[in-house]
Amino acid sequence: MKDEKNPAQELKEKLFAQPKHAALRMSDEEIASAFEWCEGYKSFLDENRTEREITAFSQKLAESRGFEKFDSSKKYSAGDKVWFNVKEKAIILAVFGTRPLSDGVKIAAAHIDSPRLDVKPNPLYEDCEIALLKTHYYGGIKKYQWPTVPLSLHGVIVKADGEKLTVSIGDRDGEPQFVITDLLPHLDSTMGERKASQVIKGEELNILVGSLPFRSDEGSDLVKLNIMKLLNEKYGITESDFLSAELELVPAARVSDIGFDRSLIGGYGHDDRVCAYPALMAALDCPTPSYTTVTVLTDKEEIGSVGATGMQARYFENAMAELIALTTPAYSELTLRRALRACRMLSCDVSAGFDPLYASAFEKKNAALMGHGVCYNKFTGSRGKSGSNDANAEYMAQLRATLEKHEVAFQTA
Ligand code: MN
């Protein structure tokens, strides 16, 4: 009797989904190679903290792997690789396939902008001999998380004559960092009465940048003057040059492993570089495909995909038109639209992993679990699926079949 399976158990194994931690389905070698692969991701996060830095890094790496700048006067054939740089804040990588472009392309898109504090156009002021920079937060931040955290400053300053200066201060050993101050505990009774969302207000996210006065017996704003003097000596800029700058403050902390078992990675910008990095690596490693592959690393997702470098712009369609114009003799608007209609795309972004400390925020049966593999969302949206996309069941079936065939650990949420 003992050897015989309970018929209910037997039927369950046949009919029920069997979710399992990926580590329980992998060999020691596979686990070791996954950890090793993540070392590349960790240095990608450490070395690139803004959309501009990721765009430059991706272009350079792609060039070292045989990609070249798209050139409409050239002829391309299967296996050729090109890049399109979108105003230095987004990049498209394409690997030409053996099938005609009119059959559509396979697209993976991820965003490379992350929440941060942007320096305002008139940022620098002095108050009681403390110099500060005013910021405008970018994307969905939890404002209370930003005070007391060491920050680094990244971006560009473009002078009126077009000269472009690249700024990166605070990530390398010996460089100064920046900070938003907090109030010491025995003075913060009024702060304690504020609502959680108001503990730190947007207008209080000002960055401490100096406290030494320019040595003079008279005059006001001497600390601010001393800061401008330093900036002028280092970059040759004056206060007006902030008007044509894009300077971003981001957490300066280095990426580290989390946990005794090092199973997690702690760092700034996982959303959405955790998708952008694998998409980039896949593009670089792509052997000559049958359908042309297109990898889009885009900007401005955090604020609604707006602007010239966000997905609401037409740069992706423009790149498709360029590709089709050069490989399809009878180019027309209709050819382009047919090709776009035939495209398949994965829109890649993060999903929340179930956290037992905040269990009530999740629906346990449909939440993503740590270690259970890549997460696919058939649909997103809130309330009545508002703002959702909702992939077709037919498409989900094709995707699932591919993942199952190649034994990829995946889940849905
Ligand atoms: Mn995201």
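Just so you know, these numbers use all the heavy atoms, side chains as well, and skip hydrogens, waters and symmetry mates. Numbers here are sequence positions counted from 1. Whatever order the structure lists ligands and atoms in, that order sets their numbers, starting from 1.
Listed by chain and number, His111 NE2, Asp271 OD1, Asp349 OD1, Asp349 OD2 are the protein N/O/S atoms closer than 2.8 Å to the Mn ion (ligand 1), with waters left out.
A salt bridge is absent between Glu51 and Lys89: the closest approach of a Lys/Arg side-chain nitrogen to an acidic carboxylate oxygen does not fall below 4.0 angstrom. Comment: Arg52 does not engage Glu248 in a salt bridge, judged by the lack of any side-chain N to carboxylate O separation of less than 4.0 angstrom. A salt bridge between Asp285 and Arg65 is present, with a side-chain N of the basic residue lying under 4.0 Å from a carboxylate O of the acidic one.
Side-chain atoms of His111 and Asp299 include no donor-acceptor pair closer than 3.5 Å. Side-chain atoms of Ser58 and Thr55 include no donor-acceptor pair closer than 3.5 Å. Side-chain N/O atoms of Asp182 and Thr148 include no donor and acceptor closer than 3.5 Å.
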